[in-house]
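As a basis for the values below, the full set of heavy atoms in this structure was taken, side chains included, without hydrogen atoms, waters or symmetry mates.
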Amino acid sequence: MEQLSITEKQGANYVLYEVSGVMNTYTLTELAEKLDENIKKSNIVVDLERVEAIDSVGVGLMMATFNDGEDCGYRFYMMNPSPTVRIALEETGFYDVFAIIHAVTEVS
């Protein structure tokens with residue numbers, strides 16, 4: 001069975017989510033709830049280095065969180081997208097939309 005592991009950490013001006021596994025329709029409920037709740041009160045960083053697969057629902061969640069952050073005055077960052085995530089974002093044309101970082105020290 002596909003799973004998504006989520007670790008949440010608090011930073012000075014952000015909430016970091018370290019995500020590993022598969023991001024799809026069946027695994028995103030918990031992450032979606034966390035992102036929706038916290039983008040309204042803090043910058044969000046999602047570490048995607050250990051994501052093995054992502055479907056259109058996963059990409060859609062990232063885009064929705066990005067848009068919600070802009071509406072609320074906070075930023076959404078993707079950190080270290082895995083090759084699979086990078087390809088999915090490039091194929092949808094969204095790669096250049098997101099703030100892609102390599103370390104949490106890049107959060108402004």
Side-chain angles (χ1 to χ4, degrees):
M1 182 168 155
E2 298 172 338
Q3 287 188 330
L4 187 66
S5 173
I6 306 163
T7 302
E8 181 178 324
K9 298 179 180 178
Q10 296 290 322
N13 62 339
Y14 62 87
V15 178
L16 168 66
Y17 293 99
E18 296 172 338
V19 181
S20 62
V22 176
M23 293 179 67
N24 65 26
T25 304
Y26 305 105
T27 63
L28 284 173
T29 304
E30 180 183 0
L31 181 62
E33 290 170 357
K34 290 176 181 289
L35 294 178
D36 182 57
E37 176 183 336
N38 285 303
I39 195 62
K40 296 172 182 152
K41 53 189 175 184
S42 180
N43 295 315
I44 298 288
V45 178
V46 178
D47 184 347
L48 300 165
E49 187 172 20
R50 290 185 219 94
V51 172
E52 301 162 11
I54 185 169
D55 68 3
S56 61
V57 175
V59 174
L61 173 61
M62 300 296 108
M63 197 71 218
T65 305
F66 172 85
N67 290 334
D68 289 347
E70 284 196 333
D71 292 345
C72 296
Y74 293 103
R75 297 211 51 205
F76 173 73
Y77 299 88
M78 289 184 169
M79 188 166 73
N80 300 320
S82 68
T84 301
V85 172
R86 185 180 180 104
I87 289 167
L89 294 174
E90 288 172 346
E91 286 178 350
T92 59
F94 293 136
Y95 186 81
D96 293 330
V97 171
F98 295 108
I100 308 290
I101 62 174
H102 300 288
V104 292
T105 55
E106 297 176 58
V107 175
S108 55

Could you tell me the separation between the [atom1] atom of [X] and the [atom2] atom of [Y], rounded to the nearest 0.5 Å?
| X | Y | atom1 | atom2 | result |
| --- | --- | --- | --- | --- |
| Met63 | Phe94 | CE | CZ | 5.5 Å |
| Leu16 | Asn43 | CG | CG | 12.0 Å |
| Gln3 | Thr27 | CD | OG1 | 9.5 Å |
| Lys9 | Tyr14 | NZ | OH | 9.0 Å |
| Ser56 | Leu61 | OG | CG | 11.5 Å |
| Glu52 | Met23 | CD | CE | 12.0 Å |

Main-chain N/O of [Y] paired with [X] side-chain donor or acceptor, under 3.5 Å:
| X | Y | answer |
| --- | --- | --- |
| Tyr77 | Ser108 | yes |
| Asn24 | Ala53 | no |
| Asp36 | Ala32 | no |
| Glu37 | Lys34 | no |

Transitively linked via ILVMFWY side-chain contacts under 4.5 Å: [X] with [Y]?
| X | Y | answer |
| --- | --- | --- |
| Val57 | Phe98 | yes |
| Val22 | Val85 | no |
| Leu28 | Val19 | yes |
| Val45 | Tyr95 | no |
| Val51 | Val97 | yes |

Would you call [X] and [Y] a side-chain contact if the rule is heavy atoms closer than 4.5 Å?
| X | Y | value |
| --- | --- | --- |
| Gln10 | Val15 | yes |
| Met78 | Leu89 | yes |
| Cys72 | Ile39 | no |
| Met62 | Phe76 | yes |
| Thr65 | Val46 | no |

Can you tell which of Leu48, Ile6, Asp47 makes a side-chain contact (heavy atoms from CB on, under 4.5 Å) with Tyr17? Ile6
Measure across Ala99 and Arg75 and return the closest heavy-atom pair with its distance rounded to 0.1 Å.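 Looking at all heavy atoms of both residues, the closest pair is CB-NH2, 3.4 Å.
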Take Ile54 and Val59 through the test side chain to side chain contact (heavy atoms under 4.5 Å, CB included) and record every step on the way to the result. CA-CA 7 Å; Ile54 185 169; Val59 174; 4.1 Å; yes
Trace of the side chain to side chain contact (heavy atoms under 4.5 Å, CB included) decision for Asn80 with Arg50: CA-CA 9 Å; Asn80 300 320; Arg50 290 185 219 94; over 6 Å; no
